[in-house]
Amino acid sequence: MKQSLITGPVFEYHNRPGHIECYDRLRAITAQLPEGIPVRAPVAAADEDLERVHQPGYLSWLHRQCAIHSEYDTVDEYGCTGGYFTGNTYVSGFLDENTYINPRSYEVATFAAGSAIAATERALDGESCFALVRPPGHHAASDWAMGFCLINNTAIAAAKALTSVDRVAIVDWDVHHGNGTQEIFYGNDRVLYCSVHAEDFFPHSGAVTETGTGAGTGYTANAPLPQKSTIGDYVHIFSDVFLPLLEREHPDLVIVSAGQDALVDDPVSGMSLLPADYGTLAGLLLDALDLPPAFVLEGGYGPSQPAAINAIFAAVSGKRSSGPVPEPSAGARERVQMLRKLHGLR
Ligand code: ZN
């Protein structure tokens with residue numbers, strides 16, 4: 001299958017050294033990319049693309065919050081404000097305790113979203129494409145920023161695709177539940193959202209019973225897994241829940257919210273995936289759907305993330321893992337049973 005990737009130096013400008021979601025994580029990925037995959041330049045999303053997903057008032061507020069920081073000359077050498085009082089207003093470089101901004105952040109976020117759109121356009125054209133972008137997006141909802149995310153790259157790409165196709169599926173394997181993506185499409189019957197994530201973990205949403213609302217009922221599938229889950233558990237969720245749902249839905253496009261923070265060496269979570277396991281998951285999607293996926297980078301903070309991304313590229317090239325897969329845990333089996341019942345899979 002043809003494939004390409006999108007990345008570029010613009011993503012360096014949203015940065016805060018020492019923060020876990022800093023440019024170094026993308027630098028580590030781009031320093032270890034496999035040979036021979038065409039690299040496409042990032043593109044910015046248009047306002048109308050952003051406004052399909054986010055409320056205009058939120059976007060103007062976010063833009064202003066980033067701009068405010070350019071009005072002060074105490075911006076540090078990294079382009080970040082540190083947080084200080086001016087008059088009676090506390091001016092901070094953070095929108096919440098972990099989501100930082102700087103004067104370039106809004107612009108960079110529009111490039112992340114536009115590049116996610118471009119990746120889906122490549123996928124619709126028959127070429128799998130990985131948007132290696134940041135800041136990540138899946139915690140950003142229609143009118144709030146959260147969890148390092150300012151605007152929702154994957155949702156914006158899905159919404160744009162829906163202007164030309166009927167149905168889109170989003171598979172979110174980031175270890176955190178994509179609460180923003182879920183909120184944006186919760187009542188939508190043209191977007192199937194499937195998320196596997198750690199239970200009882202940030203952002204503390206994504207229960208099995210959250211399945212959608214109104215016309216969107218049944219179009220959200222959440223598989224929370226206990227910490228220390230292995231590829232055996234993930235394969236069980238994919239094979240017995242996500243893939244049957246995807247096959248039933250017949251999407252025109254699959255977007256993977258690709259956060260590789262369930263790796264065993266990731267500092268933020270306690271899952272037990274190995275780099276090759278992400279190739280296994282990508283291979284399952286590729287073999288079940290015969291559609292070139294668009295991948296959009298979400299989280300992933302550990303030293304083996306570049307290897308996991310290389311395993312995804314290898315899977316798109318046709319490589320399949322032949323190693324044994326561990327048996328699923330009792331917890332994963334229970335999740336699968338509940339999900340199959342809730343989603344009418346017999
Ligand atoms: Zn994450």
Side-chain angles (χ1 to χ4, degrees), residues 45 49-59 62 96 99 113 116-117 120 136-163 165-225 237-238 241-242 244-246 248-259 294 296 298-299 335 338-345:
D49 296 327
L50 306 177
E51 289 171 5
R52 275 189 207 97
V53 159
H54 295 290
Q55 295 180 14
Y58 167 70
L59 292 168
L62 178 63
D96 63 24
T99 309
I117 291 173
T120 57
H138 74 155
H139 297 306
S142 55
D143 66 348
W144 76 75
M146 180 180 174
F148 318 156
C149 302
L150 305 179
I151 61 181
N152 196 314
N153 310 318
T154 296
I156 287 165
K160 175 73 179 281
L162 288 174
T163 65
V165 302
D166 287 335
R167 290 181 301 277
V168 174
I170 298 171
V171 176
D172 187 335
W173 67 42
D174 188 283
V175 79
H176 304 95
H177 178 238
N179 57 317
T181 309
Q182 173 171 300
E183 184 262 356
I184 288 160
F185 296 120
Y186 207 51
N188 193 319
D189 61 359
R190 296 172 66 200
V191 177
L192 173 64
Y193 178 64
C194 299
S195 176
V196 57
H197 47 267
E199 66 180 352
D200 301 325
F201 199 52
F202 184 89
H204 299 283
S205 55
V208 169
T209 49
E210 295 168 22
T211 60
T213 188
T217 301
Y219 289 87
T220 293
N222 282 308
L225 287 175
I237 297 288
F238 270 58
V241 183
F242 290 178
L245 288 176
L246 288 161
R248 187 167 79 183
E249 178 67 4
H250 278 298
D252 303 295
L253 169 70
V254 176
I255 308 174
V256 179
S257 255
V296 180
E298 299 284 359
R335 293 289 177 280
M338 289 172 70
L339 282 162
R340 287 186 66 85
K341 196 169 169 190
L342 274 169
H343 289 276
L345 296 169

Exercise for the section: Nearest 0.5 Å please: distance from the CH2 atom of W144 over to the CG atom of N179. Expected result: 6.0 Å

Fill in the blank from the handout: Note: D189 and A215 closest approach over all heavy atoms is CB-O, 3.2 Å

Problem - Contact summary for A145 and Y58, nearest pair of heavy atoms - result: CB-OH, 3.2 Å

Practice task
Would you indicate whether the side-chain heavy atoms of Y219 and V191 approach each other to under 4.5 Å?
Solution key: no

Exercise for the section: Can you see which heavy atom on P203 is nearest to which on M146, and at what distance? Expected result: CB-CE, 3.4 Å

Exercise for the section: Indicate yes or no for a side-chain donor-acceptor contact from N188 to the backbone of G216 under 3.5 Å, with no hydrogens or angles considered. Expected result: no

Problem - Any donor-acceptor pair under 3.5 Å from R190 side chain to D166 backbone - result: yes

Problem - T99 side-chain N/O to G147 backbone N/O, donor-acceptor pair under 3.5 Å - result: yes

Problem - Audit row: R52, T163, side chain to side chain contact (heavy atoms under 4.5 Å, CB included) steps and yes/no - result: CA-CA 10 Å; R52 275 189 207 97; T163 65; 3.6 Å; yes

Completion exercise
Paired with S257, the side chain to side chain contact (heavy atoms under 4.5 Å, CB included) test is passed by just one of N152, D172, V171, N153, namely D172

Exercise for the section: State the CG-OG1 distance between L339 and T209, to the nearest 0.5 angstrom. Expected result: 10.0 Å

Exercise for the section: Output the distance between atom OG1 (T120) and atom CG (L162), rounded to the nearest 0.5 Å. Expected result: 10.0 Å

Problem - Derivation and outcome, side chain to side chain contact (heavy atoms under 4.5 Å, CB included), residues R167 and L192 - result: CA-CA 8 Å; R167 290 181 301 277; L192 173 64; over 6 Å; no

Practice task
Flag the pair T220 / Y186 as yes when at least one side-chain heavy-atom distance between them is below 4.5 Å, and no otherwise.
Solution key: yes

Handout entry: Any side-chain heavy-atom pair of N222 and Q182 under 4.5 Å
Key = yes

Handout entry: Distance (rounded to the nearest 0.5 Å) between D143 CG and L62 CG
Key = 11.5 Å

Fill in the blank from the handout: Between A158 and F185, the two heavy atoms sitting closest are CB-CZ, 3.9 Å

Exercise for the section: Can you establish whether the number of heavy atoms outside H204 located under 6.0 Å from its atom NE2 is more than 12? Expected result: yes

Exercise for the section: Mind listing the closest non-hydrogen atom pair of P244 and R340 along with its distance? Expected result: CG-NH1, 4.2 Å

Exercise for the section: Ignoring hydrogens and angles, state whether a donor on the side chain of S195 or H177 is under 3.5 Å from an acceptor on the partner side chain. Expected result: no

Exercise for the section: Keeping the roles fixed (side chain from E210, backbone from G206), state whether a donor-acceptor pair exists under 3.5 Å. Expected result: yes

Practice task
Mind checking the CG-NE2 spacing from L225 to H197? Nearest 0.5 Å is all I need.
Solution key: 8.0 Å

Handout entry: Side chain proximity check, F242 to V196, heavy atoms < 4.5 angstrom
Key = yes

Handout entry: For H138, the option from I184, V296, D174 that meets side chain to side chain contact (heavy atoms under 4.5 Å, CB included)
Key = D174

Handout entry: Residue pair P224 / R335: nearest heavy atoms and the distance that separates them
Key = O-NE, 2.8 Å

Problem - Near-ring test H139/F148, centroid separation under 6.0 angstrom - result: no

Practice task
Look up atom CG in L245 and atom CG in L345, then write down how far apart they are to the nearest 0.5 Å.
Solution key: 4.5 Å

Practice task
Determine whether I151 and L59 make a side-chain contact, defined as any pair of heavy atoms from C-beta on separated by less than 4.5 Å.
Solution key: yes

